[in-house]
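One structure is given below, encoded as structure tokens.
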Number of protein chains: 2
Amino acid sequence: MADLPDGTVSDPDEKIMRATYRALGDDGYADLTIKRIAEEYGKSTAAIHYHYDTKDDLLAAFLDYLLDRFVETIHEVETTDPEQRLDLLLDKLLVDPQDHQDLLVAVLEMRSQAPHTPAFAERFEANDEYIRFMLKTVVDHGIDQGVFREADADHVAKALMTIVDGARTRAVVLDDDEALATARRTAEEYVTATLLKEN
Amino acid sequence: MADLPDGTVSDPDEKIMRATYRALGDDGYADLTIKRIAEEYGKSTAAIHYHYDTKDDLLAAFLDYLLDRFVETIHEVETTDPEQRLDLLLDKLLVDPQDHQDLLVAVLEMRSQAPHTPAFAERFEANDEYIRFMLKTVVDHGIDQGVFREADADHVAKALMTIVDGARTRAVVLDDDEALATARRTAEEYVTATLLKEN
DNA sequence: CGTTTTTGACTAATTAGTCAGTAAGTACGA
DNA sequence: TCGTACTTACTGACTAATTAGTCAAAAACG
């Protein structure tokens, strides 16, 4: 998961996204204000409003920013062998984020706002659908190639996503840095039980 | 849940908790104000402050209120036969909340605040520990009685909690009323694979 | 009566957003 | 190479609304 090294960037939008990320990490969503973002940005609040008309606009853009980074890391998996590919995807979903607790916190905070913020809900739904599709596809390939057992690929994908989401929620809420590793093991057990052929 | 027939209660604290619940459900945590709670309460904001000194006090009390109701439903499971008891516990955790989407939303919002609000974090940790202990205990009993396979009861409990938390998060974020049922099936598959003896 | 509960008016701080004005570049033509 | 027009990025001062919390007094209760 590409981190935010704060390598000097000239793009104001990028800078504001990073400032928002820092402000959100420090204060939490409920206390996230334009003023705080402006402070992190090192400019006035009006400077923020110059780039984004409203706070809602900024937050929608910020969510796109977060989810884009997130999808990028998934794309790093290029292996095509189903069994190996599924393993690597699960690693990306459950091992990589280990060092980016701040990111997990920020994302969960925005997730919890989805029911009251349609702009958020749309984005999270699209993102979920996309990753679930990748999982379903690799399961389908595995079945077609005869390396996985006949299984309900759609359900397996949903089950794995549930484990991933549960792990992230627990990592954040319980401040448990073993939550992801535990879930990685659980996912492995689930894959073994439902997909792998005994031999 | 302790609703009186007409929802009327004389206890002011109980009334304020219900008012908070409604306000939170309508506006979300970020927009939750004393004024909005007072409106739901039908009294002035000062009336709220008479019962709770600060907003933080009120929210901590509210979280206790939520988690208490939550634990109560778990206590309804009195069956002692391990296999049946585990099934019923998972039903309570994954089927019952189906009709209480508002509650799931409210809880997730407060959960996401845990990293910034120690008072919340403590309560969620205690609650998680309690339910996880109930799961671990029933698994241990099953193993002792020879109806379950030898298994890492601690890990199984954590795995099931992960599935539960994932289902709840997904039900809220994706507004997916099948998320809990999907997770119920997943939990069943997991139990079958790790605990049940083949016969 | 006294105690509990509530009100209404208040404060001080904070909020998102506006606006006129100001630099500092960039493009382009002569 | 100078001058002019335009754009981008920003500031500082402002507004109008909203915020949590206070307090004296009044009402409601038992």
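Any value given below was found using the heavy atoms of this structure, including those in side chains, with hydrogens, waters and symmetry copies removed. Lettering follows sequence order; numbering is per chain, from 1.
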Hey, is [X] close enough to [Y] for a salt bridge, meaning N to O under 4.0 Å?
X       : Y       : answer
B/Asp81 : B/Arg85 : no
B/Arg22 : B/Asp26 : no
B/Arg36 : B/Glu39 : yes

[atom1] of [X] versus [atom2] of [N]: gap in Å, rounded?
X       : N      : atom1 : atom2 : value
A/Ile37 : C/dT14 : CD1   : P     : 17 Å
A/Ile48 : D/dT11 : CD1   : C1'   : 13 Å
B/Lys43 : C/dT4  : NZ    : P     : 16 Å
A/Asp31 : C/dA16 : CG    : P     : 11 Å
B/Asp53 : D/dT22 : CG    : C1'   : 11 Å
A/Asp13 : D/dC10 : CG    : P     : 10 Å
B/Ile34 : D/dT22 : CD1   : C1'   : 13 Å
B/His49 : C/dT5  : NE2   : P     : 17 Å

[X] has a side chain; which of [options] sits nearest to it?
X       : options                : result
A/Thr33 : D/dA20, C/dA16, C/dT6  : C/dA16
B/Ala46 : D/dA20, C/dG8, C/dA16  : C/dG8
A/Ala47 : D/dC10, C/dC19, D/dT19 : D/dC10
A/Lys55 : C/dG17, D/dT11, C/dT6  : C/dG17
A/Lys35 : C/dT15, C/dG17, D/dA20 : C/dT15
A/Thr54 : C/dT15, D/dC10, C/dG17 : C/dG17

Would you classify A/Tyr41 as touching base, sugar-phosphate or nothing, given that sugar-phosphate means primed atoms plus P, OP1 and OP2, and contacts are heavy atoms under 4.0 Å?
sugar-phosphate

Within the 4.0 Å heavy-atom criterion, would you say B/Ser44 contacts the bases, only the backbone, or no part of the nucleic acid?
base

Would you say that A/Ile16 contacts A/Thr20 through its side chain, given a criterion of any heavy-atom pair below 4.5 Å between the two side chains?
yes

Please tell me whether B/Tyr52 and B/Asp13 have a donor and an acceptor in their side chains that are separated by less than 3.5 angstrom.
yes

Does B/His51 put a side-chain nitrogen or oxygen below 4.0 Å from OP1 or OP2 of C/dT6?
yes

Taking only the side-chain nitrogens and oxygens of B/Tyr50, find out if one of them lies under 4.0 Å from OP1 or OP2 of C/dT7.
no

